[in-house]
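These numbers come from a predicted model, not from an experiment. In what follows, residues are counted from 1 in the order of the sequence shown.
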Amino acid sequence: MDRRLFLTGMFGVAAAGLAGLARPGRALAGVPLASGGILDELNAPLASPLKNDETRPEGEPVQYRRPPPPPGPYRGPRRYRRRVWRRVCRRERFRGRWVTRCYRRPVWIWVAG
């Protein structure tokens, strides 16, 4: 395992050394024969379409929240708690032998009704 780590590290150092020696040339975006392509548009200053406040269009109000629930006592199905019994089993040592003892434990669950 140590040899593998050593060899992997040496290959990584060799790859980094080769990458440092072979320096890439100037990267061009788009067609290399074009003057700048999209880069000219990105470097150009932004022209504001709105010169003053009079030409600003009116926006529509946007609702991001849900409407409140309707008034009244009804808010959905009623839920209540109901007691059920769950069976719980344990293995214990009793007089030198392993025995399984089970008992019932009350548990409350929510029931829609």
Distance-only donor-acceptor pairs under 3.5 Å for side chains of residues 83-90, two or more places apart:
none

Count the heavy atoms of every other residue, nucleotide or ligand shown that sit under 6.0 Å from OH of Y103, and state whether that count exceeds 12. yes
Residue pairs passing the salt bridge (Lys or Arg N to Asp or Glu O under 4.0 Å) test where at least one lies in residues 96-107, sequence neighbours excluded: E92-R101
Is there side-chain contact between W108 and R82, with heavy atoms separated by less than 4.5 Å? no
